[in-house]
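Accompanying notes for the structure given below.
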Amino acid sequence: MNDNNSIQESPRGFTLIELLLVISVMIVLAAMVIPKLRVVTADRKIREAARVVESMFATARDDAMVNGFAGIEIVRNPNYANGATSLFRMRMLPPYAGDFAGDTVSVTGFAPDLLDPQIQIGTLSFTSPPSVVLNENDYIQFNHGGSLYRMRSATSFEVSSHQVAPPVATGLPLAPALPFKIFRQPQRVTSSEVRVPAGQIIDLRGTGDNDTSGGPATLNGALNPVPLPSPNGNSYVITFNRHGAIDLHYPQGLGASSSIPAGPLFVLIADDQDAEGIDPLQNMNNLWVTVNQTNGAVNTSEMGSNTSQAAPFFPAASARMGDSRALALKRLNPHQ
């Protein structure tokens, strides 16, 4: 006996057309959402990088106000022509006056600098070999006071035309032998390295102060695209004094010339895709970290420009760079 009520109709599946329609809708939605997610992710990463840099500078400023000195070293990454990814803290080394009581130094003679006749190079003879490393750009002081003379090497120093030279030793034994003190350059704290998040860089093409001369003593003049060989030539050093202000900055590292910043320092935080021939000012996701030269205050501001985004990249002297930096300062000081 057949029971029609016991017969159940099997469930109906999706047709091929319906499946294709659903897949098509998903593809369209993905095409709309994924680019926006990429922008959001890129924005989050670059803001994280800016926070890392901002935190390092704020910490250095605070340390200087407590300890009398602090510094930051931004080190170029060799994988980029104009990009840095590591920052280190700097510490001041104690002055050196010899290892034993009564240690002295004698000035054994002078000779003119071959490149600058206004400078005389003095040679040094220590009663005991120094147990510390003495470098170019250390400073030596004689007889417990007076002028500071810049060291040219571990055994020589320079006297400029406006300085009075210390007495020169004559005869044997060498005399006079003078007490001395050497003020040494700050040193990188190796264990303090902080790296910006992967995919982001400190773009050195836009980093520096507002000195737009582009000369060899300015960051953009010295580091665009590659600095001349010098000690620590692949780094950019900024030092703070006990008041929290920027003391000096060394565009080519501690072995090269330093200067007082011509206004606030600008640190350009950029996507690493901007490092190879692309104008970082065209990417509105990039950020400026600015450091006030008088009080060390650190802020982050948006990228911006009043000029055409189609313009090519120009060095620091260009109106385009100055325009973008001016907008960054205006956003930090809206009432000015």
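By the 6.0 Å and 45° rule, Arg188 stacks over the aromatic ring of Phe88.
In this structure, the separation between OG on Ser86 and CD1 on Ile201 is 12.5 Å, given to the nearest 0.5 Å. Arg152 CZ to Glu136 CD: the interatomic distance, rounded to the nearest 0.5 Å, is 7.0 Å. Here the CZ atom belonging to Arg242 is positioned 10.5 Å from the CG atom belonging to Asp247, to the nearest 0.5 angstrom. In this structure, OG1 in Thr239 is found 7.5 Å from CE in Met92, a value given to the nearest 0.5 Å. Distance check: Ser147 OG to Ile140 CD1 gives 12.5 Å after rounding to the nearest 0.5 Å. Leu287 CG to Ser301 OG: the interatomic distance, rounded to the nearest 0.5 Å, is 7.5 Å.
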Is there a side chain to side chain contact (heavy atoms under 4.5 Å, CB included) between Tyr236 and Glu73? Walk through the geometry before answering. CA-CA 6 Å; Tyr236 174 38; Glu73 182 180 17; over 6 Å; no
Kindly determine whether Gln185 and Tyr250 satisfy side chain to side chain contact (heavy atoms under 4.5 Å, CB included), including the steps that lead there. CA-CA 12 Å; Gln185 289 291 309; Tyr250 301 76; 3.9 Å; yes
Full working for side chain to side chain donor-acceptor pair (under 3.5 Å) between Thr108 and Thr123: CA-CA 6 Å; Thr108 58; Thr123 54; 2.5 Å; yes
Apply side chain to side chain contact (heavy atoms under 4.5 Å, CB included) to the pair Gln141 and Phe183, showing each step before the final yes or no. CA-CA 8 Å; Gln141 184 183 59; Phe183 298 90; 4.0 Å; yes
Salt bridge (Lys or Arg N to Asp or Glu O under 4.0 Å) for Asp138 and Arg150? Distances and angles first, verdict last. CA-CA 6 Å; Asp138 289 345; Arg150 190 174 77 91; over 6 Å; no
Start with the C-alpha distance between Tyr149 and Val107, add both sets of side-chain angles, then the distance that settles side chain to side chain contact (heavy atoms under 4.5 Å, CB included), and finish with yes or no. CA-CA 12 Å; Tyr149 302 95; Val107 181; over 6 Å; no
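Counting heavy atoms from C-beta outward, Phe126 and Asp103 have side chains that stay 4.5 Å or more apart. Contact of the Met303 side chain with the Leu268 side chain is registered, since non-hydrogen atoms from C-beta on lie closer than 4.5 Å. Within the 4.5 Å cutoff, the side chain of Val53 has heavy atoms near those of the Ile202 side chain. Side-chain contact between Ile182 and Tyr139 is absent, with no heavy-atom pair separated by less than 4.5 Å. Counting only heavy atoms from C-beta outward, the side chains of Asp209 and Leu265 approach each other to under 4.5 Å. In this structure, the side chains of Val237 and Leu248 stay at 4.5 Å or more apart for every pair of heavy atoms. Residues Asp271 and Asn285 have side chains not in contact (no heavy-atom distance under 4.5 Å, counting atoms from C-beta outward). Val194 has its side chain within reach of Val52: a pair of non-hydrogen atoms, C-beta onward, lies under 4.5 Å apart.
No more than 12 heavy atoms of other residues, nucleotides or ligands sit less than 6.0 Å from atom CE of Met65.
Listed for the Ser55 side chain is no donor-acceptor partner under 3.5 Å among the backbone atoms of Arg51. At distances below 3.5 Å, not a single donor-acceptor pair connects side-chain atoms of Gln200 with backbone N or O atoms of Pro197. Thr127 places a side-chain N or O within 3.5 Å of a backbone atom of Thr104 that can act as its donor or acceptor partner. A donor-acceptor pair under 3.5 Å is absent between the side-chain atoms of Asn292 and the main chain of Gly296, judged by distance alone.
A distance of 6.0 Å or more separates the ring centres of Phe180 and Phe157.
Residue Leu87 comes nearest to Ile72 through the heavy atom pair CD2-CG2, 4.1 Å, listed as atom of the first residue, atom of the second, then distance. Here the closest non-hydrogen pair linking Gly244 and Arg61 is O-CG, 3.5 Å. Considering all non-hydrogen atoms of both residues, Ala60 and Ala70 come closest at O-CB, 3.1 Å. Summarising the geometry of Ile119 relative to Glu158, their closest heavy-atom pair is CG2-CB, 3.6 Å, with the distance given to 0.1 Å. Across Ala169 and Ser106, no two heavy atoms sit closer than the pair CB-CB, 4.2 Å. Residues Glu54 and Val298 come closest through the heavy atom pair CG-CG1, 3.4 Å.
Using bins of under 30°, 30° to 60° and over 60° for the plane-to-plane angle, the ring pair Phe266/Trp288 lands in the perpendicular bin.
Tracing side-chain contacts under 4.5 Å through hydrophobic residues (I, L, V, M, F, W, Y), one never reaches Val133 starting from Val105; they form parts of separate clusters. Under the 4.5 Å side-chain contact rule for hydrophobic residues, Ile74 and Val196 share a cluster. Phe110 and Leu178 fall within the same hydrophobic cluster, defined by Ile, Leu, Val, Met, Phe, Trp and Tyr side-chain heavy atoms under 4.5 Å apart, directly or through other members. Both Leu134 and Leu124 belong to a common hydrophobic cluster when Ile, Leu, Val, Met, Phe, Trp and Tyr are linked at side-chain heavy-atom distances under 4.5 angstrom. With hydrophobic clusters built from ILVMFWY side chains whose heavy atoms lie under 4.5 angstrom apart, Val168 shares a cluster with Met151.
The residues Glu302 and Arg47 are annotated as salt-bridged, a charged nitrogen and a carboxylate oxygen being separated by less than 4.0 angstrom.
Applying the side chain to side chain donor-acceptor pair (under 3.5 Å) test to pairs two or more places apart or on separate chains, those with a residue in residues 89-99 are Asp63-Arg89, Arg91-Gln187, Tyr96-Asp99, Asp99-Ser131.
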